[in-house]
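Heads up: the structure comes next, in structure tokens.
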Amino acid sequence: MKKKLLSTILSATMAAAMLAGCGSSDNADTQTPSSDTQAEAQTPAADTQTPSSDTQTPASGTGKVYYLNFKPEAAKAWEDLAAKYTEETGVPVSVQTAASGTYESTLKSEIAKTEAPTLFQVNGPVGLATWKDYCYDLSGSDVYGQLKSDDFALKEGDEVKGIAYVVETYGIIYNADILNDYFAKDYAVVTSVEEINSFDKLKAVADSIQENADDLGVKGAFTSAGMDSSSDWRFKTHLANLPIYYEYQADGIDSTDAIKGTYLDNYKNVWDLYITDSVCAPTLLSSKTGEDATADFALGDAVFYQNGTWAYTDLVDAGMDGDSLGMLPIYIGAPGEENQGLCTGSENYWCVNKNASPEDIQATLDFMNWVVTSDTGCTSLTEDMGFVCPFEAFDNYPASNPLENIANDYVSSGKTSVAWTFTTMPSENWKNNVGSALLEYAQGTGQWDAVVTAFVDGWAQEYNAVNN
């Protein structure tokens with residue numbers, strides 16, 4: 001992570017980790033949450049349109065915009081924002097939101113239609129490899145000029161193929177009210193959240209909470225680790241980020257064609273913790289959803305919930321007080337993890353469909369620029385969607401999401417943010433195979449060796465299939 005970049009983003013109320021080179025959210029997952037999506041197959045190259053991109057002033061009645069949104073939790077806010085833009089300019093803007101975990105397949109279907117999306121998303125370098133032939137060069141656009149750093153641009157040579165519009169953070173969200181109640185108990189193994197700075201400490205606390213669940217009025221330490229498509233991205237992608245990140249750190253690399261699995265024992269340990277110190281039995285995980293996990297946490301049935309800053313709105317809508325929320329790093333027992341911060345990055349890059357008509361491309365560029373410069377757009381992204389955005393105007397629009405401030409605090413205290421290395425995962429198929437092996441292991445119908453095989457052997461196979 002670059003200190004200069006961090007200070008820039010801090011002024012917008014959070015710090016961004018350097019994006020790993022080689023797309024919750026699987027939003028992504030996932031994501032419901034920010035679910036992530038990766039390339040499933042190479043998409044045929046598309047013809048090029050070459051409209052002017054240097055005029056960004058909205059022109060009433062000129063062209064139209066069709067945005068295929070990646071984030072289900074922000075669907076209503078995007079629809080409202082689109083309606084306001086149309087009211088202000090007369091330019092039609094339609095928003096369609098893909099269901100959690102289906103963005104890649106939805107995009108493949110929609111892009112083939114006569115009325116294809118003019119604005120879509122990729123999750124990073126791997127996603128761009130699939131869709132780059134559909135991506136208009138944004139290097140001359142006003143919206144690109146608003147970016148605070150090229151670290152938030154996806155480039156191919158001198159061309160800008162994608163622009164990150166939101167920087168997000170995830171970790172282990174905790175219920176501060178219940179945790180403070182626990183700290184006061186005679187059986188508590190720590191007396192403050194600051195003492196939870198390693199996997200061993202996290203496990204000791206979780207084990208203690210699980211053992212004393214009835215006294216604390218909870219059903220378990222962790223929410224259900226649901227493995228349906230609305231939830232599994234949290235583990236096959238976001239949790240899997242940790243062993244990849246630490247392997248990259250140890251080897252001094254930022255991508256690989258063959259992962260070694262150096263930290264897969266650590267991955268196993270934290271997964272075991274999630275599925276044993278839980279509100280439900282591991283045999284039920286195949287039917288548990290993202291909504292179930294949100295309910296587990298919002299109702300006070302669980303103390304810990306692996307998710308990200310994007311979950312804030314859902315938790316508040318479910319009745320939680322933002323002041324009751326905290327967030328811990330995901331500790332896996334890696335060396336030096338006492339200095340680890342939260343996982344920060346982006347898998348949300350805007351791309352403009354260069355196959356759209358020149359008028360629609362220009363209308364889309366105008367809309368994007370309005371979103372990141374106008375008071376209406378900036379307010380919607382920060383307050384309604386709870387985003388931190390890497391554009392110049394957002395220095396004046398701090399996010400209302402308190403989880404963002406917690407991410408800030410970790411950086412301010414000198415902790416090292418964990419980069420989103422999952423954007424280098426070779427394919428969606430790789431993630432699905434890892435997820436299936438995790439579920440089989442949790443249910444007792446498979447062995448951990450199958451997870452290792454899917455992770456290591458599957459990586460090499462999928463990398464070769466996608467790139468060769």
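Hydrogens, waters and symmetry mates are skipped; everything else that's a heavy atom, side chains included, is used.
Considering CD of Glu291 and OG of Ser100, their distance stands at 10.0 Å, rounded to 0.5 Å. To the nearest 0.5 Å, atoms CH2 (Trp459) and NZ (Lys260) are separated by 13.0 Å. If you take OH on Tyr312 and CG on Leu325, they are separated by 7.5 Å, rounding to the nearest 0.5 Å.
Considering Asn401, Thr344, Thr309 as possible partners of Thr169, the one that fulfils the side-chain hydrogen bond (donor to acceptor under 3.5 Å, both in side chains) test is Thr344. When each of Tyr463, Phe455, Phe422 is checked for a ring pair (Phe, Tyr, Trp, His ring centres under 6.0 Å) with Trp430, only Phe455 meets the rule. With Phe391 as the fixed residue, the side chain to side chain contact (heavy atoms under 4.5 Å, CB included) test singles out one of Val371, Ile163, Thr373: Ile163. When the options Thr276, Leu273, Leu202 are evaluated for a side chain to side chain contact (heavy atoms under 4.5 Å, CB included) with Asp207, the one that passes is Leu273.
A donor-acceptor contact shorter than 3.5 Å is absent between the side chain of Ser231 and the backbone of Asp228. Proximity of a side-chain donor or acceptor of Tyr267 to a complementary backbone N or O of Ile244 within less than 3.5 Å is not detected. Proximity of a side-chain donor or acceptor of Tyr182 to a complementary backbone N or O of Val189 within less than 3.5 Å is detected. Under a 3.5 Å cut-off, the side chain of Glu110 and the backbone N or O of Pro117 do not form any donor-acceptor pair. Although no hydrogens or angles enter the test, the distance criterion places no donor-acceptor pair under 3.5 Å between the side chain of Gln340 and the main chain of Pro329. Between the side chain of Arg234 and the backbone N or O of Ala225 there is no donor-acceptor pair closer than 3.5 Å.
For Gln447, the CD atom sits in a loose shell: 12 or fewer heavy atoms of surrounding residues, nucleotides or ligands are nearer than 6.0 Å. By the 6.0 Å contact criterion, CG on Asn464 is enclosed, its count of non-hydrogen atoms from other residues, nucleotides or ligands being greater than 12.
In summary, the side chains of Tyr67 and Gln121 do present a donor paired with an acceptor at a separation below 3.5 Å, with no hydrogens or angles considered. Lys185 and Asn212 share no donor-acceptor pair across their side chains, judged by distance under 3.5 Å alone. Defined by atom type and a distance below 3.5 Å, a donor-acceptor pair is missing between the side-chain atoms of Gln96 and Trp78. Side chains of Asn241 and Thr421: a donor on one and an acceptor on the other come within 3.5 Å. Residues Thr424 and Tyr248 have side chains that bring a donor and an acceptor to within less than 3.5 angstrom of each other. With hydrogens and angles left out, the side-chain atoms of Glu440 and Thr445 include a donor and acceptor closer than 3.5 Å. Defined by atom type and a distance below 3.5 Å, a donor-acceptor pair is present between the side-chain atoms of Tyr144 and Asp150. Using modelled atom types and a 3.5 Å distance limit, the side chains of Tyr263 and Gln249 yield no donor-acceptor pair. In this structure, a donor-acceptor pair under 3.5 Å is present between the side chains of Gln306 and Tyr274. With 3.5 Å as the limit, one finds a donor-acceptor pair spanning the side chains of Asp272 and Tyr441.
A search for side-chain hydrogen bond (donor to acceptor under 3.5 Å, both in side chains) contacts involving Asn433 returns nothing, not counting sequence neighbours. With sequence neighbours excluded, the residues satisfying side-chain contact (heavy atoms from CB on, under 4.5 Å) with Ser286 are Leu439, Gln443. Residues forming a side-chain hydrogen bond (donor to acceptor under 3.5 Å, both in side chains) with Thr294 (at least two apart in sequence, or on another chain): Tyr305. Annotation: side-chain hydrogen bond (donor to acceptor under 3.5 Å, both in side chains) contacts of Thr223 (sequence neighbours excluded): none. Annotation: side-chain hydrogen bond (donor to acceptor under 3.5 Å, both in side chains) contacts of Lys219 (sequence neighbours excluded): none. Residues passing the side-chain contact (heavy atoms from CB on, under 4.5 Å) test with Asn269 are Phe199, sequence neighbours excluded.
In this structure, Lys148 pairs ionically with Asp395, as a charged nitrogen and a carboxylate oxygen lie closer than 4.0 Å. Using a 4.0 Å cut-off between charged side-chain N and carboxylate O, Glu168 and Lys71 make a salt bridge. One finds no salt bridge joining Asp409 and Lys415 here, because no Lys/Arg side-chain nitrogen approaches an Asp/Glu carboxylate oxygen to under 4.0 Å.
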Steps toward salt bridge (charged side-chain N to carboxylate O under 4.0 Å, His left out) verdict (Asp296, Lys288): CA-CA 11 Å; Asp296 293 338; Lys288 292 295 183 179; 5.7 Å; no

Verdict with reasoning, Asp277 to Ile209, per side-chain contact (heavy atoms from CB on, under 4.5 Å): CA-CA 8 Å; Asp277 289 355; Ile209 290 173; over 6 Å; no

Stepwise salt bridge (charged side-chain N to carboxylate O under 4.0 Å, His left out) test for Asp80 and Lys84: CA-CA 6 Å; Asp80 291 345; Lys84 290 176 182 177; over 6 Å; no

